[in-house]
Amino acid sequence: MGQIEKVEALRTAFFSAGKVPSEVNEETWAAFKTAVRNFNSFKNSFYKDIKKDQNNNLSKKMALVAKAKELQESTDFAATTPIMKKIQEEWKQIGHVPRKYSDKIWAEFKEACNHYFDQLKEQKNEENSEEIESFDKKKAYLETLRTFQLVGDHKTDLDAIKLHIETWKNFGRVPFARRHIEGKFNKVLDALFEKLSLSKKDSEMMRFANRIDHLSDNNDTRKLENEKIFLMRKIDEIKNEIFQLENNIQFFANTRNAKKENSIVLEVRKNIEKHRDEMDVLKDKLKQIRNLNQE
């Protein structure tokens, strides 16, 4: 039984109790009226606070309804989906609103959210269909590529490999769970590059360019950024190694044994040259990644 029902029961009991002695009648009635008046005052204050809270909640939910309606036609799904999910979570955290508005604003909010997520689902279904088609094309192409043979002419073979890479890229993305096929394609490419009469640097740069293009096409910004950081650190390491080797040359230049000096210095210079070549390759790779960011 609620407090209001209890007070009503006490009121009924009070009037059913019958008459009291006249000398205490007025005092008893005054005490009863004061108690009831105090209760009603607390009750009114309580409901007033509830009404105020519910009106505040109504304002918050109406703002979320407006936001949901504003975003329901958005096609920037990557940016909008987290916002829509956050809006739904915020709605759950807001308390009751006045009953006469409750059903109406909930219907409006639900309709806007459903409209957006229905579009998102439809777009994902379309993407999945295209990605599955791309996978099927790449799978069939990979089988034909396994039987591809180089003819022995450098330019002809190089142009043919480049065409294979371009054709593969044009097939588009494959479903995330089937991206292993990209690794299989790269293995076939590696085997072709091994047979091709390219310099070690040219071969390495072509493989790197193919891998970076693949990451770029799939918008894998995290791996691209990690690759850039790795290259920058590696370049700094090689710079430090070259600096140390050049210091070693200065040290051996002061030795009394000229024969020993010449052989050691020659070996160190070869080592420096090897490090410089490696650093040139790393710088070219870093330049490729930075060019992607500027496109």
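Note that the coordinates shown come from a computational prediction; the quantities given were computed from them, not determined experimentally.
- One distance of note links CG of Leu71 with NE2 of His115; it measures 11.5 Å at 0.5 Å rounding.
- Residue Pro98 comes nearest to Leu58 through the heavy atom pair CD-CB, 4.1 Å, listed as atom of the first residue, atom of the second, then distance.
- Distance CD1/Ile229 to CG/Leu224: 11.0 Å, rounded to 0.5 Å.
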> side-chain contact (heavy atoms from CB on, under 4.5 Å) between Glu89 and Lys92: does it pass, once the steps are laid out?
Replying inline: CA-CA 5 Å; Glu89 286 302 314; Lys92 293 177 184 177; 3.4 Å; yes

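- With sequence neighbours excluded, no residue forms a salt bridge (charged side-chain N to carboxylate O under 4.0 Å, His left out) with Glu166.
- Shown here are the salt bridge (charged side-chain N to carboxylate O under 4.0 Å, His left out) partners of Lys137, two or more places apart in sequence or in another chain: Glu133.
- Atom CZ of Arg222 sits about 12.0 Å away from atom CD of Glu227, to the nearest 0.5 Å.
- Every residue two or more places apart in sequence or in another chain was checked for a side chain to side chain donor-acceptor pair (under 3.5 Å) with Glu273, and none qualifies.
- Remark: Arg178 pairs with no residue by the salt bridge (charged side-chain N to carboxylate O under 4.0 Å, His left out) rule, at least two apart or across chains.
- Between the CD atom in Gln54 and the CZ atom in Arg99 there is a gap of 9.0 Å [rounded to 0.5 Å].
- In this structure, Leu158 CG and Lys162 NZ are separated by 4.5 Å, a value rounded to the nearest 0.5 Å.
- Ring planes of Phe171 and Trp168: perpendicular class, angle over 60° (limits at 30 and 60°).
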> Going through the distances and angles, do Asp284 and Gln288 end up as a side-chain contact (heavy atoms from CB on, under 4.5 Å)?
Replying inline: CA-CA 6 Å; Asp284 286 345; Gln288 281 194 25; 5.7 Å; no

Give the table of side-chain donor-acceptor pairs shorter than 3.5 Å for residues 79-88, with sequence neighbours excluded, one pair per line with atom names and distance.
from, atom 1, to, atom 2, distance (Å)
Thr80, OG1, Ser74, OG, 2.7
Thr80, OG1, Asp76, O, 2.9
Thr81, OG1, Phe77, O, 2.7
Thr81, OG1, Tyr116, OH, 2.7

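- In the displayed structure, Glu73 atom CD is contacted under 6.0 Å by more than 12 heavy atoms of other residues, nucleotides or ligands.
- Qualifying side chain to side chain donor-acceptor pair (under 3.5 Å) partners for Lys138, counting only residues two or more places apart in sequence or in other chains: Glu182.
- The stretch residues 57-71 participates, sequence neighbours left out, in these side-chain hydrogen bond (donor to acceptor under 3.5 Å, both in side chains) pairs: Lys69-Glu108.
- For the residue pair Trp91 and Ile105, the shortest heavy atom distance occurs at CH2-O, 3.8 Å.
- In this structure, the side-chain contact (heavy atoms from CB on, under 4.5 Å) partners of Leu163, at least two apart in sequence or on a different chain, are Thr167.
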> Should Arg233 and Asp236 be marked as a side-chain contact (heavy atoms from CB on, under 4.5 Å) after you check the CA-CA gap, both sets of side-chain angles, and the distance that decides it?
Replying inline: CA-CA 5 Å; Arg233 288 177 177 171; Asp236 285 341; 5.7 Å; no

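- When the ring-ring contact (aromatic ring centres under 6.0 Å, His included) test is applied to Phe148, the partners found at least two apart in sequence or on another chain are His164.
- Using modelled atom types, no side-chain atom of Asn271 and backbone atom of Glu267 make a donor-acceptor pair closer than 3.5 Å.
- Heavy-atom neighbours of Met62 CE from other residues, nucleotides or ligands within 6.0 Å: at or below the threshold of 12.
- Between Ile235 atom CD1 and Asp280 atom CG the span is 9.5 Å, to the nearest 0.5 Å.
- With hydrogens and angles left out, the side-chain atoms of His275 and Glu241 include a donor and acceptor closer than 3.5 Å.
- In terms of the side-chain contact (heavy atoms from CB on, under 4.5 Å) criterion, residue partners of Glu143 (sequence neighbours excluded) are, by chain and number, Arg146.
- For the pair Ser102 (side chain) and Val97 (backbone), a donor-acceptor distance under 3.5 Å is absent.
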>> As a quick check of understanding, evaluate side-chain contact (heavy atoms from CB on, under 4.5 Å) for Lys270 and Lys274, giving each step before the final call.
In response: CA-CA 6 Å; Lys270 285 182 179 179; Lys274 181 181 176 182; over 6 Å; no

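- Judged as a salt bridge (charged side-chain N to carboxylate O under 4.0 Å, His left out), and not counting sequence neighbours, the contacts of Asp159 are Lys155.
- Of all the heavy atoms in Leu245 and Val268, the pair that sits closest is O-CG1, 3.5 Å.
- Residues passing the ring-ring contact (aromatic ring centres under 6.0 Å, His included) test with Phe135, sequence neighbours excluded: none.
- Closest heavy-atom contact between Leu142 and Lys184: CD2-CB, 3.7 Å.
- The two residues Asp157 and Val151 have their closest heavy-atom pair at OD1-N, 2.8 Å.
- Of all heavy-atom pairs spanning Gln119 and Gln72, the tightest one is NE2-O, 3.1 Å.
- In this structure, Leu282 is not a member of the same hydrophobic cluster as Phe243, with clusters built from ILVMFWY side-chain heavy atoms closer than 4.5 Å.
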